[in-house]
Amino acid sequence: MKIDFQGKIALVTGGTKGIGRQVAEDLLSLGADVYVTGTSSLPPVDLPVGNERYLAVDFTDRNKTERFFEVVAKMDRIDVCINNAGINRINPIDETLIEDWDDISAVNLDAPFMMVRCVSKIMKANNYGRIINVSSVFGVISKAWRVLYSMSKFGLRGLTVSSAIDLAPFNILVNSVSPGFVVTELTQRILGSAEMERMAAELPIGRFAQPEEISRSILFLASDLNTYITGHNLIIDGGFVNV
Ligand SMILES: NC(=O)c1ccc[n+]([C@@H]2O[C@H](COP(=O)([O-])OP(=O)(O)OC[C@H]3O[C@@H](n4cnc5c(N)ncnc54)[C@H](OP(=O)(O)O)[C@@H]3O)[C@@H](O)[C@H]2O)c1
């Protein structure tokens with residue numbers, strides 16, 4: 001048994017760094033043609049590599065987002081779509097800002113919704129599709145100061161479950177993954193090194209995940225090895241939510 005993406009066309013949002021970068025590189029190494037998105041108007045210097053193309057979009061900008069989806073809608077084929085781009089801003093509920101919710105909901109929830117709506121038309125025409133929404137353990141449980149992030153990620157669960165039902169008859173499987181704590185820029189920015197060390201000691205597995213440990217699970221769900229799992233949320237957290 002082998003995971004193979006030869007001949008597949010994949011789209012990974014937020015494919016410039018962190019989990020998304022790892023997924024894009026793994027898809028490329030397994031033979032896929034990969035479109036990645038990032039926010040800067042020009043591709044970062046080390047991108048694109050091999051059979052990779054870069055698309056610029058900032059999902060907090062509705063005009064740019066709509067133009068981006070006009071481009072995606074013209075594609076003939078997308079076999080694999082990874083809704084990975086995500087942001088987080090933390091605050092206690094009574095100090096949350098509506099501007100933060102505007103941005104978080106635009107990136108973490110509106111963009112995946114618009115993406116599933118758009119690519120499912122293309123996937124239906126080809127009777128094939130694998131969509132993975134990158135959620136979080138804070139889309140299953142929550143924690144102090146995570147209200148906006150959790151609101152967006154719990155919403156993503158609704159998108160996953162409902163669209164999985166609509167799209168199953170067309171051989172389009174929609175799943176989500178919920179990583180716990182992963183060593184990326186986002187984690188570094190939100191937690192900082194001292195808190196990362198303190199929290200790692202509290203995890204049953206005793207450490208944070210590396211992006212490749214999340215990517216492997218995403219790739220399985222996105223591959224031809226997955227023929228029957230849909231609407232599922234796979235928690236990848238080193239045992240965190242069980243404590
Ligand atoms: N890290 C964790 O511990 C963890 C845990 C659970 C879930 N997650 C989820 O995993 C996903 C990836 O997280 P990460 O830690 O890998 O994040 P990251 O290292 O901060 O990378 C975020 C990616 O999203 C893109 N992005 C940021 N703002 C955007 C915007 N306004 N519009 C469009 N794209 C935007 C970035 O593009 P540019 O670089 O071009 O700006 C980048 O490629 C997110 O959905 C996050 O919620 C992460």
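This one's a predicted model, so the numbers in the text were calculated from it and none came from an experiment. Every number for a ligand or one of its atoms is a count from 1 in the order of the listing.
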Could you tell me which atoms of ligand 1, counted from 1 in the order shown, lie closer than 4.0 angstrom to a heavy atom of [X]?
X	answer
G14	23 (C), 24 (O), 25 (C), 42 (C), 43 (O)
V57	32 (N), 33 (C)
G18	16 (O), 19 (O)
L186	15 (O), 17 (O), 18 (P), 19 (O), 20 (O)
D58	30 (C), 31 (N), 32 (N)
V182	1 (N), 2 (C), 3 (O)
V134	9 (C), 10 (O), 11 (C), 45 (O)
A85	24 (O), 34 (N), 45 (O)

All side-chain contact (heavy atoms from CB on, under 4.5 Å) counterparts of A111, not counting sequence neighbours
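Testing A111 for side-chain contact (heavy atoms from CB on, under 4.5 Å), a comparison that skips the adjacent residues, returns F59.
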Among all protein non-hydrogen atoms, which one is nearest to [atom], and what is the separation to 0.1 Å?
atom	answer
atom 21 (O) of ligand 1	K17 CG, 3.4 Å
atom 15 (O) of ligand 1	T184 OG1, 2.5 Å
atom 32 (N) of ligand 1	F59 N, 2.9 Å
atom 5 (C) of ligand 1	G180 O, 3.0 Å
atom 12 (C) of ligand 1	N84 OD1, 3.2 Å
atom 16 (O) of ligand 1	I19 N, 2.8 Å

For [atom], which candidate among [options] holds the nearest heavy atom?
atom	options	answer
atom 7 (C) of ligand 1	G86, A24, A209, S135	S135
atom 40 (O) of ligand 1	I87, T39, L47, T187	T39
atom 8 (N) of ligand 1	F138, Y149, F181, F68	Y149
atom 43 (O) of ligand 1	V137, T16, N108, V107	T16

Do S105 and D110 have a side chain donor and acceptor closer than 3.5 Å?
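Result is no, nothing qualifies.
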For N133 and N83, does a side-chain donor sit closer than 3.5 Å to a side-chain acceptor?
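N133 vs N83: donor-acceptor pair found between side chains.
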Decide, yes or no, whether a salt bridge links E25 with R21 under the criterion of side-chain N to carboxylate O below 4.0 Å.
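Yes, this pair counts.
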Is a donor on one side and an acceptor on the other found under 3.5 Å between the side chain of N175 and the backbone of I229?
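Here the side-chain-to-backbone pair exists.
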When you measure from the side chain of S136 to the backbone of S178, do you find a donor-acceptor pair of N or O atoms at a distance under 3.5 Å?
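It does not hold such a pair.
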Among E213, E197, E202, find the residue that satisfies the salt bridge (Lys or Arg N to Asp or Glu O under 4.0 Å) test when tested with R207.
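Going through E213, E197, E202 one by one, the salt bridge (Lys or Arg N to Asp or Glu O under 4.0 Å) with R207 is satisfied by E213 alone.
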Judging by distance only, is a nitrogen or oxygen of Y54 under 3.5 angstrom from one on ligand 1?
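No: no nitrogen or oxygen of Y54 is under 3.5 Å from one in ligand 1.
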Ignoring angles and geometry beyond distance, decide whether P179 reaches within less than 3.5 Å of ligand 1 through its nitrogen or oxygen atoms.
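No - when backbone and side-chain N and O of P179 are compared with those of ligand 1, no distance drops under 3.5 Å.
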Distance-only criterion, 3.5 Å: show the donor-acceptor pairs between side-chain atoms of residues 137-146 and protein atoms not counting sequence neighbours.
unit_1	atom_1	unit_2	atom_2	d
S142	OG	S150	OG	2.7
R146	NH1	A144	O	3.0

Mark the output for A111 as yes if a heavy-atom distance to ligand 1 is under 4.0 Å, and as no if none is.
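Per 4.0 Å heavy-atom rule, A111 does not contact ligand 1.
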With a cutoff of 4.0 Å, is R189 in contact with ligand 1, counting heavy atoms of the residue only?
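Checking ligand 1 against R189, which is what was asked, there is a heavy-atom contact under 4.0 Å.
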Report the residue from D79, D224, D33 that forms a side-chain hydrogen bond (donor to acceptor under 3.5 Å, both in side chains) with K8.
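When side-chain hydrogen bond (donor to acceptor under 3.5 Å, both in side chains) is applied between K8 and each of D79, D224, D33, only D224 qualifies.
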If you compare all heavy atoms of T230 against all heavy atoms of V174, which two are closest, and at what distance to 0.1 Å?
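The pair with the smallest heavy-atom distance is OG1-N, 2.9 Å.
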What do we get for K153 next to ligand 1 when only non-hydrogen atoms under 4.0 Å count, side chain, backbone, both or neither?
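Near ligand 1, K153 shows its side chain, while the N, CA, C and O stay back.
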